[in-house]
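One structure is given below, encoded as structure tokens.
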Number of protein chains: 2
Amino acid sequence: MSDTKGSSGIKEIARALNVSIGTVDRALHGRAGVSEKTKTRVLQMAERIGYKPNLAAQALKLNRKLSIAAILPKHISHFFDPVRAGICAAAAATVGMQVSLEFHEYPRLGVGDVDAFKRATERHYDGIIFLPGDTRKFDSLIRTLSRNGTAMMCVGSDAPNTDRMGSVAAHAYVSGAIAAELLAMKLPQRSTVAVFSGDLFTMDHAEKLRGFAATLAVQAPHLMLLPALESHEQPKQAYQQALALMKGKDRPQGLYLSTANSMPVLKALDELSLLGKVQIVTTDLFQELIPLIEFGKVMATLYQRPYTQGKVAFETLMRHLRGDDKSHPSIRLAPHVIFRSNLPLFSSQIIDTDEEEEVETKMPKG
Amino acid sequence: MSDTKGSSGIKEIARALNVSIGTVDRALHGRAGVSEKTKTRVLQMAERIGYKPNLAAQALKLNRKLSIAAILPKHISHFFDPVRAGICAAAAATVGMQVSLEFHEYPRLGVGDVDAFKRATERHYDGIIFLPGDTRKFDSLIRTLSRNGTAMMCVGSDAPNTDRMGSVAAHAYVSGAIAAELLAMKLPQRSTVAVFSGDLFTMDHAEKLRGFAATLAVQAPHLMLLPALESHEQPKQAYQQALALMKGKDRPQGLYLSTANSMPVLKALDELSLLGKVQIVTTDLFQELIPLIEFGKVMATLYQRPYTQGKVAFETLMRHLRGDDKSHPSIRLAPHVIFRSNLPLFSSQIIDTDEEEEVETKMPKG
DNA sequence: TTGAAAGCGCTACCAA
DNA sequence: TTGGTAGCGCTTTCAA
């Protein structure tokens with residue numbers, strides 16, 4: 001038994017001390033215009049009666065307005081749609097702040113992204129949630145908007161060494177490490193493995209490769225890693241690379257597909273009748289992947305929890321704009337490892353993005 | 001670009017329609033005393049100008065008070081402490097509701113639990129968060145308190161077929177299923193496996209066993225399951241059972257320790273020099289388990305996310321008491337599968353339970 | 001240094 | 001069926 005979060009209130013304190021509520025307010029907030037003596041008296045009394053400010057009243061009075069934008073690609077909708085949904089959900093749950101939320105879309109990373117940012121600059125948003133792509137292009141954009149007074153919140157990847165407000169992403173290094181450990185489980189013999197990546201200039205992708213390689217070296221030295229293949233999110237290119245790789249002389253027995261662009265690779269393997277013979281760990285979860293996991297063609301996928309990413313990104317941004325948190329947090333979610341056995345917990349959410357973190361089900365009848 | 005959550009307000013609508021704000025309020029809330037005609041006019045206008053109620057003002061006016069209690073065992077603190085922390089965190093984040101939160105503790109399931117409930121009955125809480133143990137004892141307690149007007153929220157397990165308000169727990173069936181799939185990965189040959197359980201009259205424990213057995217049957221028919229061992233959370237008993245089992249003639253090559261009471265079993269295996277030779281999947285995460293995972297003695301543990309359970313339980317209870325949700329939700333969290341490679345993401349939180357869901361780190365230098 | 005009072009947007013009550 | 005208004009707990013401004 002402990003912790004009684006009492007009610008009381010500012011005027012409770014005022015009455016007990018025979019001062020006005022104005023004085024109490026000034027004392028509590030360390031504002032000017034209170035004698036040191038009354039201030040301590042107020043603070044003590046507040047402590048004593050367990051004063052907790054009424055956040056609703058505070059919010060009502062302060063009545064702040066915030067304009068937020070989310071600038072995200074249309075492409076890879078199985079990832080960014082839930083991100084958007086998470087942002088929406090968090091925005092809807094906001095209390096005591098009038099938030100105007102606008103979504104901007106551009107076709108894909110590298111196509112229309114700069115334009116979208118240009119447009120956003122003119123609108124002078126209080127905060128922007130966005131996916132940082134290639135450092136060489138984005139870093140200056142971020143700086144410009146930050147200078148402009150906009151809090152820049154990264155989601156899905158990070159842009160360190162900029163003045164972005166913060167970032168939320170799946171822990172990329174650990175994702176790579178898990179992939180390595182999983183492949184090692186299924187490949188106890190001396191074998192060769194390969195990584196399909198997107199663009200090693202994107203922070204997130206480079207980190208995954210690092211985690212993968214580092215973990216192989218320590219936990220599975222019997223596995224040899226081939227040079228990483230960059231497909232730049234081009235399906236065609238990934239497909240060609242996969243065909244070439246699997247037809248080549250040192251065909252890997254294990255694959256880590258570290259981006260969402262995994263279907264072309266899986267298609268190539270299917271055509272070569274290699275699905276099920278090669279151990280595969282993928283990234284994200286989408287409709288086409290479900291049967292492959294169900295039938296054991298893909299041993300596991302690393303789910304980056306896009307809904308939660310969006311939700312947390314928005315919440316963190318709000319906390320920052322409310323002034324509660326002046327730090328620049330790098331939040332890294334633990335990816336979920338999805339196997340055949342826990343797939344049902346996640347696959348239902350692909351249709352119904354409403355809940356993500358929690359799954360609501362009837363228990364299977366025993 | 002879409003979705004502009006505008007500001008406006010109730011009097012905006014009133015002015016536009018030349019009616020009083022009282023009328024608008026009645027129309028918006030479907031209260032009696034408005035003609036059908038004005039009602040539709042108001043609703044349309046609200047839609048048109050994108051009316052969003054100011055939740056702070058609403059909360060301030062309504063000014064509801066709620067008293068909540070959490071009645072949880074002291075034992076298995078590595079699980080229930082984070083549950084309590086999650087409850088606290090959710091309570092602290094509450095806006096627009098004066099919540100008084102009280103914690104009650106009893107030694108362990110079966111010891112002092114009934115007394116704790118008795119005491120709680122007298123206090124007439126609006127809601128109680130608790131761990132449902134043995135059905136035969138708890139069901140009537142739950143019913144009594146529910147009749148009494150208290151919303152009964154289960155955490156950690158469930159009590160179906162009662163009028164509990166809802167439940168939050170890790171998905172037990174899926175936990176068992178994952179354990180089976182993991183063991184099958186490491187045991188490709190014909191082998192024997194065993195499950196250590198707590199009490200099969202506890203819903204959660206029975207479900208884990210069901211999931212495990214069902215998954216073995218379908219995905220790994222080459223693994224033979226020995227009869228489940230119930231240790232009733234008694235360390236001594238678990239230790240003895242483990243010794244007997246591992247010295248017996250059909251010694252299993254794989255173990256699923258489905259409760260927090262896993263250390264005695266691991267100790268027994270250690271003494272028999274079997275650690276590392278037998279594949280083991282455990283449950284929960286605590287200090288002593290960390291090195292065992294790090295050194296590969298335990299292949300994986302299924303983390304039931306106690307902090308999130310507490311947080312979600314409280315949030316769900318609040319939503320119910322606010323009247324937003326009249327359903328009786330059974331929320332099942334996806335357990336996290338923790339291997340050596342993603343252990344660091346979780347082990348840091350054992351000391352610092354502040355954040356659980358999100359991990360905040362500096363990226364490892366590349 | 002302090003007190004008094006207006007008013008944030010909403011709900012609820014009373015009067016018309 | 002409607003309009004008017006008090007007041008939720010707090011911040012802030014103006015006056016003392």
Side-chain angles (χ1 to χ4, degrees), chain A residues 5-46 49-66 92 94-100 322-324, chain B residues 5-43 45-46 49-66 94-100 322-324:
Chain A
K5 208 172 125 184
S7 45
S8 59
I10 201 175
K11 69 166 84 161
E12 196 78 5
I13 301 176
R15 192 148 39 75
L17 260 44
N18 250 320
V19 295
S20 76
I21 57 167
T23 305
V24 174
D25 180 71
R26 283 185 284 261
L28 286 173
H29 293 82
R31 276 189 263 275
V34 203
S35 69
E36 212 39 59
K37 205 180 65 190
T38 37
K39 182 170 170 180
T40 20
R41 287 209 309 146
V42 168
L43 260 27
Q44 275 172 355
M45 181 55 73
I49 70 172
Y51 169 71
K52 283 281 300 176
N54 182 321
L55 298 181
Q58 194 166 338
L60 177 60
K61 180 67 204 173
L62 266 30
N63 192 20
R64 292 178 275 205
K65 289 178 208 289
L66 251 30
T94 306
V95 181
M97 190 95 44
Q98 294 292 353
V99 181
S100 82
R322 280 169 46 161
D324 304 355
Chain B
K5 208 172 127 183
S7 47
S8 56
I10 201 176
K11 68 165 83 159
E12 197 78 5
I13 302 176
R15 194 148 39 76
L17 259 45
N18 248 319
V19 295
S20 79
I21 59 167
T23 305
V24 174
D25 180 68
R26 282 183 286 260
L28 286 173
H29 292 81
R31 277 189 261 273
V34 203
S35 70
E36 209 44 55
K37 206 179 64 189
T38 38
K39 183 170 169 181
T40 21
R41 287 211 307 149
V42 169
L43 260 28
M45 181 54 74
I49 70 171
Y51 169 72
K52 284 282 298 178
N54 183 322
L55 299 183
Q58 193 167 334
L60 177 60
K61 178 69 205 171
L62 265 30
N63 191 23
R64 292 178 274 203
K65 288 176 209 292
L66 252 29
T94 306
V95 181
M97 189 98 43
Q98 294 292 355
V99 181
S100 83
R322 282 169 45 160
D324 304 354

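So you know, we letter chains A, B, ... as the sequences are listed, proteins then strands, and number each from 1.
Between Asn54(A) and Gln98(B), some side-chain heavy-atom pair lies under the 4.5 Å cut-off. Between Met45(B) and Val24(B), every side-chain heavy-atom pair lies at or beyond the 4.5 Å cut-off.
Base contact: Asp25(A) has a heavy atom under 4.0 Å from a base atom.
Atom CD in Gln58(B) sits about 16 Å away from atom P in dG9(D), given to the nearest Å. Atom CD1 in Ile13(A) sits roughly 12 Å away from atom C1' in dC10(D) (whole-Å rounding). Counting to the nearest Å, the C1' atom of dA6(D) and the CG atom of Leu62(B) are 15 Å from each other. In this structure, CZ of Arg41(A) is placed 9 Å from P of dT2(C), rounded to the nearest angstrom. The interatomic distance linking Leu28(A) (CG) with dT11(D) (P) rounds to 8 Å, in whole Å. Arg64(A) places its CZ atom 11 Å from the C1' atom of dT11(D), with the value rounded to the nearest Å. For Asn54(B) and dG9(C), the CG to C1' distance is 5 Å, given to the nearest whole Å. In this entry the distance linking CG of Leu55(B) with C1' of dC10(C) reads 11 Å, nearest Å.
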Contact list (N/O, under 3.5 angstrom) for nucleotides 1-5 of chain D vs protein:
from   : atom 1 : to       : atom 2 : distance (Å)
dT2(D) : OP2    : Ser35(B) : N      : 3.2
dT2(D) : OP2    : Thr38(B) : OG1    : 3.1
dG3(D) : OP2    : Ser20(B) : N      : 2.7
dG3(D) : OP2    : Ser20(B) : OG     : 3.2
dG3(D) : OP2    : Thr23(B) : OG1    : 2.7
dG3(D) : N7     : Arg26(B) : NH2    : 3.0
dG3(D) : O6     : Arg26(B) : NH1    : 3.0

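Side-chain nitrogen and oxygen atoms of Asn63(B) include at least one within less than 4.0 Å of the OP1 or OP2 phosphate oxygen of dG9(D). An OP1 or OP2 oxygen of dG9(D) is reached within less than 4.0 angstrom by no side-chain nitrogen or oxygen of Tyr51(A).
Nearest-nucleotide assignment on DNA chain C puts the 5′-proximal partner with Leu60(B), out of Arg31(B) and Leu60(B). Heavy-atom nearest nucleotides on DNA chain D were determined for Pro53(A) and for Lys61(B), and the one closer to the 5' end corresponds to Lys61(B).
Atom OG of Ser20(A) and atom CZ of Arg26(A) lie 5.5 Å apart (nearest 0.5 Å). Atom CD in Gln58(A) sits 9.5 Å away from atom CD1 in Ile10(A) (nearest 0.5 Å). With values rounded to the nearest 0.5 angstrom, Thr38(A) atom OG1 is found 10.5 Å from Leu43(A) atom CG. Atoms CG and OG1, from Leu28(B) and Thr23(B) in turn, are 10.5 Å apart once rounded to the nearest 0.5 Å.
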Show me the side-chain donor-acceptor pairs of residues 11-18 of chain B shorter than 3.5 Å, one per line, residues at least two apart or across chains.
from     : atom 1 : to       : atom 2 : distance (Å)
Glu12(B) : OE1    : Arg15(B) : NH2    : 3.2

